[in-house]
Amino acid sequence: MAVARMNMNCSIQSSLSCILKPSYFFNFKTTQFKNRLYFPQNHLISSKRSLLCTCSGNFQASEKAEPFVITTPLYYVNAPPHMGSAYSTIAADAIARFQRLLGKRVILITGTDEHGEKIATAASARGSSPREHCDVISQAYKMLWKDLDIAYDKFIRTTDPKHEAIVEEFYSRVLAKDDIYRADYEGLYCVNCEEYKDEKELLENNCCPTHLKPCVPRKEDNYFFALSKYQKPLEEILEQNPDFVQPSYRLNEVQGWIKNGLRDFSISRAAVEWGIPVPNDNKQTIYVWFDALLGYITALLEDKEQISLQSAVSSGWPASLHLIGKDILRFHAVYWPAMLMSAGLSLPKMVFGHGFLTKDGMKMGKSLGNTIEPNELVNKFGADAVRYFFLREVEFGSDGDYSEERFVNIVNAHLANTIGNLLNRTLGLLKKNCQSTLVVDSSIAAEGKDFKDTVEELVEKARINYENLSLSSACEAVLEIGNAGNLYMDKHQPWSLFKQGGAASEAAAKDLVVILEAMRIIAIALSPVAPSLCRQIYAQLGYSEDQFDNINWSKTKWGGLKGGQVMAQPKPVFARIEQIKENENGAETAPQKVVKKKEKKQKVQGVIEA
């Protein structure tokens, strides 16, 4: 890969912080940090959001505000997208959507890494040129992002001409710093990682610990980057700013690598033609990582802007958050910061490495026939179901497991039952007894009721968890609002009160307003995770598309629904998933009802490259 030969990801985060001052990275002075990923909040404003993967230029955050720049890996195009790359991008999109709700000027960057030996080999195996191959796979990523409701702002391809210009300028800066030199190198090379390996980190028979394939002896005359020169600065950065790498156990890994001593690494290849030529030496091409990492900066350039490092940096660098798979942590937390310091550029504020994905507790692989194809999953269950399951059930940062039975049970229980059914039956009662019209403001309907306080506490809990990148806990807090709404409904039994008439009927009508206000708040608080579902909920509550597009987090405050407001006709917003099973003869049997189970956290047995 280059910025992302990645595996599956996931995780939980409780103590995140960030905001490193650019001046720190050159003066190495102690800096104070907060305990979560939180940036000074600008006044909340309306913003137009797109559910599709298009440039999010409609988001009306202040152009003068410091942007919140979040990046996915740039995915290696040697093969079509897999569930690992989909997971990472879903998580990044949810974080970006939440930050937009806070009124931030968000720039979500994704893209594809398209140079290197593996690309040329994959193209040759398919009987196409490297360029044709890259075009096909890059487009496959864009199509999948659209199907998954990924609202990215920038999609960078490392074969873009503007990127080559940025890489050449960056290379020249580092060269001028005397941090690039030429030398012979001989060692064991992992073709899949596209890097030389230290024998101490290899498994039996010199196998790469990530790809489990033997590394091959290789000798080359290459250009090298003086990484060892930056050992002391990197040690000081991590010591004084422990939140630079998250989760904390990933920081321990990085500190261990640095403590063992940093070795200069090759930044060019003599035998690889498919790449950016080394300036003043067209017999060598720039090593994929020294190329692809710069994509994060190139992506910031506007279409008609002057192509220069300064122009790109002034458009939003440094990144607020690099979201990556843990298998490419070394490149982002060691190589990349040293490269940036050499070029005199600010470091990203945080690097977050998530985990891998397993299926049914087992390692995934094509030979085992148990891979998860994201396109099939989305086509079968829909984007909201896929997004919700992986963000709710996989603790962000840890390894996570997928099974179809668990997927169906969770999605049915949470989205179809707890949220969807509550909305549908409440609107049904309102239609039958109140002509689909709210009898009073929600603020008045909730007077003297503990339910309002419960919802407000859970909304605040969700906000804090989103800020901490605890996406699973954020989902759980929002779901608890739905659970509380169902308990309220069952306790007050408005259907019975309507039958009594008089004051009882009036109380029942207020109860419906209270529950629908909770649903309105759910539609906002869950929108980073399940945007299409929340859009449908908002429409059922009588709001327009534009009103949903202009929501912000401040709208989660109780009191949005007003007396006289007319609700839409009730219809299910999330269809229950029915499982189709085959009998012994291979024939399909009737759908079986999925029973809601009490879910237990599964212990993941062995992880693999997704």
Side-chain angles (χ1 to χ4, degrees), residues 46 101 415 417-459 462 478-527 530 533-574:
S46 298
L101 286 176
L415 301 185
N417 293 352
T418 299
I419 294 176
N421 189 49
L422 176 61
L423 174 65
N424 193 252
R425 63 177 178 155
T426 306
L427 288 175
L429 285 170
L430 190 74
K431 177 183 179 182
K432 180 179 180 180
N433 298 281
C434 305
Q435 293 76 51
S436 296
T437 304
L438 303 184
V439 298
V440 69
D441 292 357
S442 56
S443 57
I444 297 175
E447 288 178 352
K449 298 182 184 295
D450 294 336
F451 180 73
K452 172 178 174 289
D453 296 333
T454 299
V455 171
E456 289 177 336
E457 290 172 4
L458 290 169
V459 166
V478 178
L479 185 71
E480 282 302 310
I481 298 175
N483 289 332
N486 279 289
L487 288 173
Y488 184 93
M489 172 78 86
D490 294 340
K491 177 182 178 180
H492 291 264
Q493 299 185 355
W495 55 89
S496 296
L497 296 178
F498 278 123
K499 293 178 181 178
Q500 298 175 29
S505 182
E506 292 178 6
K510 289 182 179 180
D511 288 335
L512 298 185
V513 175
V514 167
I515 296 172
L516 290 173
E517 174 68 5
M519 293 305 307
R520 185 192 67 81
I521 292 171
I522 287 174
I524 300 171
L526 196 61
S527 64
L533 170 64
C534 293
R535 179 178 289 270
Q536 293 179 66
I537 294 173
Y538 227 61
Q540 289 272 286
L541 298 176
Y543 292 105
S544 67
E545 289 274 319
D546 285 343
Q547 285 174 306
F548 181 79
D549 288 334
N550 286 281
I551 58 174
N552 54 52
W553 193 263
S554 68
K555 300 290 186 180
T556 58
K557 182 179 180 180
W558 189 279
L561 293 180
K562 304 300 180 182
Q565 195 167 333
V566 180
M567 304 290 100
Q569 295 301 301
K571 60 181 179 179
V573 292
F574 192 91

Could you give the distance from CG (Leu423) to CD1 (Ile522), rounded to the nearest 0.5 Å? 9.0 Å

I'd like to know if Arg535 pairs up with Glu545 as an ion pair, taking the criterion as any Lys NZ or Arg NE/NH1/NH2 lying under 4.0 Å from an Asp or Glu carboxylate oxygen. yes

Identified side-chain contact (heavy atoms from CB on, under 4.5 Å) counterpart of Leu561 within the set Val440, Asp441, Leu516: Leu516

Are side-chain heavy atoms of Lys452 and Glu447 found at a separation under 4.5 Å? no

Could you tell me the separation between the SG atom of Cys534 and the CE atom of Met519, rounded to the nearest 0.5 Å? 8.5 Å

Backbone N or O of Asp546 within a donor-acceptor pair of the Asn550 side chain at under 3.5 Å? yes

Please tell me if the side chains of Met567 and Leu438 come closer than 4.5 Å, counting only heavy atoms from C-beta onward. yes

Euclidean distance, Phe548 CZ relative to Ile551 CD1, rounded to 0.5 Å: 4.5 Å

Could you tell me if the side chain of Leu533 sits less than 4.5 Å from the side chain of Ile537, heavy atoms only? yes

Could you tell me if the side chain of Trp495 sits less than 4.5 Å from the side chain of Met489, heavy atoms only? yes

Asn486 vs Arg425 side-chain heavy atoms within contact, under 4.5 Å: yes

So Lys449 and Val514, do their side chains get closer than 4.5 Å, heavy atoms only? yes

Can you find a heavy atom in the side chain of Leu526 that is under 4.5 Å from one in the side chain of Ile419? yes

Taking all non-hydrogen atoms of both residues into account, name the closest pair between Pro494 and Ala508 and its distance. O-CB, 3.6 Å

Who pairs with Ser436 by side-chain contact (heavy atoms from CB on, under 4.5 Å), at least two apart in sequence or on another chain? Lys431, Gln569

Say you draw a straight line from CG of Leu422 to CG of Leu427; how long is it, rounded to the nearest 0.5 Å? 9.0 Å

Between Asn552 and Ser554: side-chain donor-acceptor atoms closer than 3.5 Å: yes

Taking all atoms of both residues into account, what is the closest heavy-atom pair of Thr418 and Gly482, and its distance? CG2-C, 3.7 Å

Do Tyr538 and Tyr543 make the cut of ring centroids closer than 6.0 angstrom? yes

Show the nearest heavy-atom pair for residues Ala525 and Trp553, with the distance to one decimal. CA-CZ3, 3.7 Å

Do Phe498 and Leu512 make a side-chain contact, defined as non-hydrogen atoms from C-beta onward lying under 4.5 Å apart? yes

Indicate yes or no: does Lys510 engage Glu506 in a salt bridge with an N to O separation below 4.0 Å. no

Let me see the working for Val573 and Asn424 under side-chain contact (heavy atoms from CB on, under 4.5 Å), right down to the final yes or no. CA-CA 8 Å; Val573 292; Asn424 193 252; over 6 Å; no

Please step through salt bridge (Lys or Arg N to Asp or Glu O under 4.0 Å) for the pair Asp511 and Lys491, ending with a clear verdict. CA-CA 11 Å; Asp511 288 335; Lys491 177 182 178 180; over 6 Å; no

State the CG-CD distance between Leu430 and Gln435, to the nearest 0.5 angstrom. 8.5 Å

Nearest-0.5 Å distance that lies between atom CD1 in Ile515 and atom OG1 in Thr426: 4.5 Å

Is it the case that atom NZ in Lys562 sees more than 12 heavy atoms from other parts of the structure closer than 6.0 Å? yes

Would you indicate whether Asp450, at its atom CG, is surrounded by more than 12 heavy atoms from other residues, nucleotides or ligands within a distance under 6.0 Å? no

Step-by-step side-chain contact (heavy atoms from CB on, under 4.5 Å) determination, Asn433 to Ser505: CA-CA 9 Å; Asn433 298 281; Ser505 182; over 6 Å; no

Those residues at least two apart in sequence (or on a different chain) that pass side-chain hydrogen bond (donor to acceptor under 3.5 Å, both in side chains) with Ser442 are Glu517

